[in-house]
Structure formats: structure tokens, C-alpha cells
Amino acid sequence: MSKSLQAIRGMNDILPEQSPLWRYFEGTVASLLDEYGYRQIRMPIVEVTELFKRSIGEVTDIVEKEMYTFDDRNGDSLTLRPEGTASCVRAVLEHGLSNNGQVQKLWYIGPMFRYERPQKGRYRQFHQIGVEVFNLAGPDIDAELIALTWRLWTRLGLRDAVTLELNSLGTSEARARYRDALVDYLSARKEQLDEDSKRRLGSNPLRILDSKVPETQALLVDAPKLVDHLDDESREHFEGLKARLDALGIRYVVNPKLVRGLDYYSKTVFEWVTDKLGAQGTVCAGGRYDGLVEQMGGRPTAGVGFAMGIERLILLLETLELVPEEISRQVDVYLCALGEAAELEGLKLAEGLRDRLPGLRLQVNAGGGNFKTQLKKADKSAALFALVLGEDELARQVIGFKPLRGQGEQQEISQAALAEHLATSLSQA
Ligand code: HAM
């Protein structure tokens, strides 16, 4: 017997029961981004592999071991995007959106792919909402991005569940100076490093800072600190950001070990983390990448952004029981009709209601059944009201109006007055 077909490990279906919460979350973020003046951009899911190698960095975990890369029929190496910043920068360059210093405030949403070990909050296909800003170099826009996420947490009821960690990585020159100091220090103690860190010492030494190995962490206690190597410009930028967050009353923790897993960052980096989800606690992360556009062939262009993991935020809302009750109700009213003539009249009535009450969520019974069966289906649909139309009602041009959630007795309404009665009842429900 053939093996039953299943979704790929780490790639999930989002079932109809879960969709309302996704739509609520995505809708809340989209409205907020509208309010702050961000415009949506949609990029392809597949890009040439070179794009990610050049932007994320050859010796990052993502590029070294997590990408879904394949040759297409032409023999070109393509990759399912592991993140959105690289594609967004590519699109901005390709269409000249940042030419002549034009400011762009963009956002995107969609699936990303990383071959990681799946666990709670970590998947191989996951979804991000990301924001990228071009041609604004000051800390004011870094602060706006953080203020915007802060407002989002407030709207979702998550304000007390997340904390903000901040760091500055400095300009690339400052980082290069720091890297030399760190490599000198660690090379003298190479034998005490774990294998992964030994390898990184030659390729990407800053990543050793966020090693999870306790012995390596102990070794780092006395290591040179990035903040002591910051250049004046980055220091000023960081102070400017902190002053703005202080003015807004947004609390943060400066975490000198925060370096992020992608190579393109400079100056500000930040992560919103929660302790409510176990190991995968970062729900939103980002930072500045002032050198990236130039590195990808454009003119020097300031860039800053972040991305949030939708699955993790959905999990957090569920864990903290912050899912608003009304979002799972998808039906306002369910129309039951018995007999051929009533069914026909019911259809016309339903279309009339849709004309009169735009946005009305109306389900018309399909598949027949006696009134008892139809009312059972109405109840199961979670509708607030059922409309009941039989031959008797048809003859008298009325319709039965039955509240399903304990809001009073069934009434008879004239068909002519139905739309108005329904609108009033729904507004009071
Ligand atoms: P990232 O830190 O790699 O940054 O990912 C951002 C967020 O995506 C994470 O904080 C997490 O919530 C979510 N995420 C990442 N990997 C997974 C996974 N395997 N399963 C579930 N959720 C995941 C970036 O991607 C940068 N492009 C962010 C950025 C935009 N920086 C500047 N602009």
C-alpha cells in the first residue's frame, strides 16, 4: 500500500479554526502600519541563491546550513527565501525606489523557509511580517520602529509579556577593530573554546558572543566589550535612540551580547523577547543595515527594519488567552428554508439582504433537511440568528426570526421589514 501523503516536517497547514486568529493578527498589524504611513511591497518567494549569500553572509547558520536551495531546469541556483530583507533590498534597487535619497517605508508579509530543527515556535516554513525603511539615517526612525511595535503589543494585550533588548554594533570600521581585539583575546584561549566557536574564530568571531555553551560564555566574561570599541557616531546614534525611548516611556535592557544571526547589521540591533514560549522566545527582531544597499551594488543608503514571527505571536496570544472571543464567530445569520418554493424565495431574500446590508455574514442552508436538521446546522454555525421560511410564512410574506444565543423568543417579521429588523438586532447583539 502506498504511504499516505503528508505535509513536509516543519511546514504546517493553518486550518479553518485557526484562520480567524491569523486574520485578526494580520489585520491588526496592517492597520497599525497604515496609521504610521508604511506601504506594502510583495516580493517573490524564490530568488537567486547569490542574493542571500551576499546579504545575509556566507558564514551564517542560515546560509551555511538552513537554506532550501535547488537548481531550476535551466541550471540556475535558486533558493526559497529564508527572510525578507534581502529580497526587499533587491526590489528597491531593481526598481530605483531609493534613488535620489527617496525615503521608503515599506512592509511585507509572507512565508519564509529555513531548514532548522522543528520544535514549538520553530518551523521550516514560518511567516513573518517585516518592515524596512530606506534613506533615513538618524535614531528617530529607529525609535519610531520600536514605538510602532510597542503600540502593537499594547493593542494585542501583550505589553507585559515582552521585553526589549537593545545593542549597538557600531559602524563596520568600529566592528572590524572590535573583531580584531576579540580574536586576539580568544585566540590566546583557543583550547578552551567549543568546536563551533573555534571554527567561527576564523570566519565570524562576533557570533561566538551568543554561543550557548557555558564554558565559552565563562570565557567571554573578561573578553573585550563591543561598547568600548564603538565609534563616536554610533555612540551618539545609540544615545539618541535611548533618549527617545526614555521620552516615550518604553523600557529596554541593553544587552551587550546581542549580535544577531545575520551579517548585514550595523549600529542599532534589537529583539523583543518573551519568557512565555520556552526556548523560542524572540517574537520580533531587527536593526540597522546602513552598508547593505551599497554591498548589493547600490549607492550608500541608510536602512533599518525588523521582522516579527507570526507563529510565535499567535502562540503567545493563545498561551496568554488573549484571543478576542468575537473573532471566531464567522456567521451572523443562518437562513433555513423548507420546500422548493420557500427555498427559491429564500434565495432571493438572501441576495436582497446582501444588497441592503453590505458586510452581513449570511449563510443560506444548503443540502436540504427538515427544519430540525437545518436549525441544528444553524446553531453549529455559531450564528446569532436563524431565519425560518416555510410554506406558511411564504404565503403570508413573513419570516420566522429566531435568536440562537438566548436573546429572546422567536418572532415573526414581515419580509419587507426584515433587513431593518436584522440590522437593529445585530447592532444590539
Ligand atoms: P530573524 O531574527 O532571523 O531576522 O527573524 C525574525 C523573526 O522571525 C524572529 O524573531 C522570529 O520571531 C521569526 N522566526 C525566525 N525563524 C523562525 C522559525 N524557524 N520559525 C518560526 N519563527 C521564526 C530576520 O529575518 C531579519 N530579516 C529581520 C530584519 C528585517 N532585520 C532588518 N529588517
Side-chain angles (χ1 to χ4, degrees), residues 8-12 14 25 29 33 38 41 43 47 51-52 55-57 60-63 65-68 80-92 104-134 136 141-142 145-146 148-149 152-153 158 162-165 167 169 207 210 258-274 276-293 301-317:
I8 294 163
R9 190 163 120 83
M11 304 202 181
N12 301 308
I14 295 153
F25 177 79
V29 184
L33 289 165
Y38 290 74
I41 180 166
M43 298 88 65
E47 300 268 5
L51 172 68
F52 302 113
S55 53
I56 299 171
T60 54
D61 280 352
I62 296 181
V63 171
K65 35 187 188 194
E66 295 174 358
M67 296 210 298
Y68 281 89
L80 298 185
R81 63 179 182 199
E83 60 109 48
T85 310
S87 309
C88 191
V89 168
R90 196 245 339 115
V92 162
Q104 292 291 346
K105 294 165 70 172
L106 306 173
W107 70 277
Y108 50 84
I109 180 170
M112 309 290 160
F113 303 84
R114 296 184 195 175
Y115 193 81
E116 295 193 82
R117 205 159 47 77
Q119 62 180 86
K120 180 180 164 192
R122 189 164 76 191
Y123 311 100
R124 289 181 174 170
Q125 175 177 325
F126 60 97
H127 298 77
Q128 285 185 344
I129 296 182
V131 171
E132 315 291 352
V133 179
F134 297 92
L136 288 173
I141 192 69
D142 305 22
L145 292 181
I146 289 173
L148 172 167
T149 45
L152 177 65
W153 315 141
L158 292 174
V162 289
T163 43
L164 174 62
E165 298 195 357
N167 195 17
L169 300 182
R207 285 306 305 283
D210 67 3
L258 185 67
V259 290
R260 312 268 306 120
L262 306 97
D263 277 357
Y264 48 62
Y265 293 109
S266 58
K267 294 187 179 159
T268 312
V269 287
F270 67 92
E271 292 192 351
W272 285 99
V273 293
T274 179
K276 310 275 188 293
L277 292 181
Q280 305 307 318
T282 306
V283 292
C284 174
R288 192 160 266 289
Y289 46 86
D290 289 344
L292 182 59
V293 174
T301 304
V304 59
F306 66 80
M308 55 184 96
I310 303 185
E311 281 83 357
R312 290 188 191 174
L313 284 156
I314 297 264
L315 262 175
L316 191 56
L317 289 171

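Just so you know, these numbers come straight off a predicted model, no measurement behind them. Start at 1 and go down the list; that is how both ligands and their atoms are numbered.
Neither the backbone nor the side chain of Val304 comes within contact range of ligand 1; no heavy atom lies under 4.0 Å. No part of Met112 comes within 4.0 Å of ligand 1, judged by heavy-atom distances. When heavy-atom distances to ligand 1 are checked against a 4.0 Å cut-off, Glu311 has no atom that comes that close, whether in backbone or side chain. Contacts with ligand 1 closer than 4.0 Å are made by side-chain heavy atoms of Glu132 only, the backbone lying farther away.
The shortest heavy-atom distance from Gln280 to ligand 1 is not under 4.0 Å. At a 4.0 Å cut-off, at least one heavy atom of Arg312 sits close enough to ligand 1 to count as contact. Residue contacts with ligand 1 leave out Gly261, since none of its heavy atoms falls under 4.0 Å from the ligand.
The option with the heavy atom closest to atom 21 (C) of ligand 1, from among Gly286, Gly309, Gly121, Cys284, is Gly121. Considering each of Tyr264, Tyr123, Phe126, the one bringing a non-hydrogen atom nearest atom 26 (C) of ligand 1 is Tyr264. Remark: among candidates Val133, Ile56, Thr282, Leu315, the nearest residue to atom 9 (C) of ligand 1 is Thr282, based on non-hydrogen atoms. Residue Arg114 holds the heavy atom nearest to atom 3 (O) of ligand 1 of all those in Arg288, Arg81, Arg114.
Checked by distance only, ligand 1 and Tyr289 stay at 3.5 Å or farther apart across all their nitrogen or oxygen atoms.
Exactly one of Leu148, Val269, Thr85, Ile129 qualifies for a side-chain contact (heavy atoms from CB on, under 4.5 Å) with Phe306. That residue is Leu148.
Looking only at side-chain heavy atoms (C-beta outward), Val293 and Val92 stay at 4.5 Å or farther from each other. The shortest side-chain heavy-atom distance between Leu262 and Glu83 falls under the 4.5 Å cut-off.
Proximity to Arg260 (heavy-atom distance under 4.0 Å) selects the following atoms of ligand 1: 1 (P), 2 (O), 4 (O). Residue contact check: Arg122 has heavy atoms under 4.0 Å from atoms 19 (N), 20 (N) of ligand 1. In summary, the atoms of ligand 1 found under 4.0 Å from a heavy atom of Val283, numbered by their order in the structure, are 12 (O). Interface atoms of ligand 1 facing Phe306, defined by a heavy-atom separation under 4.0 Å, are 29 (C), 30 (C), 32 (C), 33 (N). Those atoms of ligand 1 with a heavy atom of Tyr265 less than 4.0 angstrom away are 26 (C), 28 (C), 29 (C), 31 (N), 32 (C). Using a 4.0 Å cut-off to heavy atoms of Thr85, the atoms of ligand 1 that qualify are 26 (C), 27 (N), 29 (C), 30 (C), 31 (N), 32 (C), 33 (N). Close approach of ligand 1 to Ala307 is summarised as follows: ligand atoms under 4.0 Å from at least one heavy atom of the residue are 6 (C), 7 (C), 28 (C), 29 (C), 30 (C). Close approach of ligand 1 to Gln128 (heavy-atom distance below 4.0 Å) involves ligand atoms 5 (O), 6 (C), 7 (C), 8 (O), 24 (C), 25 (O).
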Notebook entry, point to check: Going through the checks in order, is the side-chain contact (heavy atoms from CB on, under 4.5 Å) test met by Tyr265 and Val259?
Noted result: CA-CA 8 Å; Tyr265 293 109; Val259 290; over 6 Å; no
Margin query: Working note: Arg288 + Leu145, criterion side-chain contact (heavy atoms from CB on, under 4.5 Å); need CA distance, chi angles, decisive distance, verdict.
Written below: CA-CA 11 Å; Arg288 192 160 266 289; Leu145 292 181; over 6 Å; no
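Remark: the backbone N or O of Pro111 is paired with a side-chain donor or acceptor of Arg81 at under 3.5 angstrom. No donor-acceptor pair closer than 3.5 Å links the side chain of Glu311 to the backbone N or O of Arg122.
Nearest heavy-atom pair, Gly305 versus Tyr289, reported as atom, atom and distance to 0.1 Å: N-CE2, 3.7 Å. Nearest heavy atom pair, residue Arg312 against residue Leu277, reads O-CD1, 3.4 Å. Of all heavy-atom pairs between Ile41 and Ala91, the closest is CD1-CB, 4.0 Å. In terms of heavy-atom proximity, Thr149 sits nearest to Cys284 at CG2-SG, 4.0 Å. In this structure, Pro82 and Met112 approach most closely via the heavy-atom pair O-CB, 3.7 Å.
Atom OH of Tyr68 has more than 12 heavy atoms from other residues, nucleotides or ligands within 6.0 Å.
The closest protein non-hydrogen atom to atom 19 (N) of ligand 1 is Glu116 OE2, 2.7 Å. The single protein non-hydrogen atom nearest to atom 27 (N) of ligand 1 is Glu83 OE1, 2.5 Å, given as residue, atom name and distance.
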